[in-house]
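In what follows, a single structure is set out as structure tokens and then discussed.
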Amino acid sequence: MFPIRDHNPSTRTPFVTYALLAANIAIWLWTVMAAQTDAALGQLYYDYALIPARVTGFEGWGGFITSMFLHGGIMHLGGNMLFLFIFGDNLEDRMGHVPFALFYLACGVAAGLAQVASEPFSPIPTIGASGAIAGVMGGYLLLFPKARVDVFFFFIVFFKIIPIPAWITLAVWFVMQLWGGFSPNDGVAYWAHNGGFVAGLLLVIPLWLRLGGPGFWRATDGHPDHPPAQYRESRIPKVPRRR
């Protein structure tokens, strides 16, 4: 299962979200061309990835930023960019362009700190935008808990698109990351995801309070305060969900 879109259109062009999408794609293409041998890739990761053992050795701190723009493959990149595309525009719409850019970077740094804290002496490079994007998801959860998110379910030969409130989609995702964090390591930086998500939720609290806090939720019933997006019907069967 994975989300494919939300029904929460932004009211202005999300320039920062688009710029982040373009930067991540461009840098991935550059790494594919620049690091065509294992030695070159290893050097690139040493220079630009986040390596906990280097950080605790008081070096390689630039990796907190540069690692956010590195990806290990097309699926890694594609999954992260899909989540950023779905959830990023709405936070940028509420925050403004520059605050959102700073928020994104702050969540990425917080995610890196959480990963370093979980494995302070690990020599394994950590790469990917998922920690920063997890922060975007945490902020989205606080501001738009009942926004509809279309989730694609696939089970062997059975598949459907089901609209689900954002809080269910994001809460399930977060629980899966917590579960992964306490499970045997499978090469995924779960604690970066957890740290980024919590940081995003906390950093959006001041904005949520300015909007009215619980009163904002009561006024909107947790939904976006503008009409939902309308999409053409898909050939993929869609299961209606009662409110």
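We number each residue from 1, following the sequence as shown.
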According to the interplanar angle, ranging from 0 to 90°, do the rings of [X] and [Y] count as parallel (below 30°), tilted (30 to 60°) or perpendicular (above 60°)?
| X | Y | value |
| --- | --- | --- |
| His76 | His71 | perpendicular |
| Trp208 | Trp217 | tilted |
| Tyr18 | Phe85 | parallel |

> Around Phe216, counting heavy atoms of other residues, nucleotides and ligands shown, do more than 12 lie under 6.0 Å from its CZ?
Replying inline: yes
I'd like to know if the side chain of [X] and the backbone of [Y] have a donor-acceptor N/O pair within less than 3.5 Å.
| X | Y | result |
| --- | --- | --- |
| Arg5 | Val151 | no |
| Trp167 | Leu141 | no |
| Gln115 | Ala111 | no |
| Asp6 | Ala147 | no |
| Ser122 | Glu119 | no |

>> Taking the six-membered ring for Trp, are Trp191 and Phe182 closer than 6.0 Å centroid to centroid?
In response: yes
>> So which atom in Phe144 and which in Ala166 form the shortest heavy-atom distance, rounded to 0.1 Å?
In response: O-CB, 3.5 Å
> Do the numbers put Arg94 on top of the ring of Phe100, so that NZ or CZ is under 6.0 Å from the six-membered ring centre and no more than 45° off the axis?
Replying inline: no
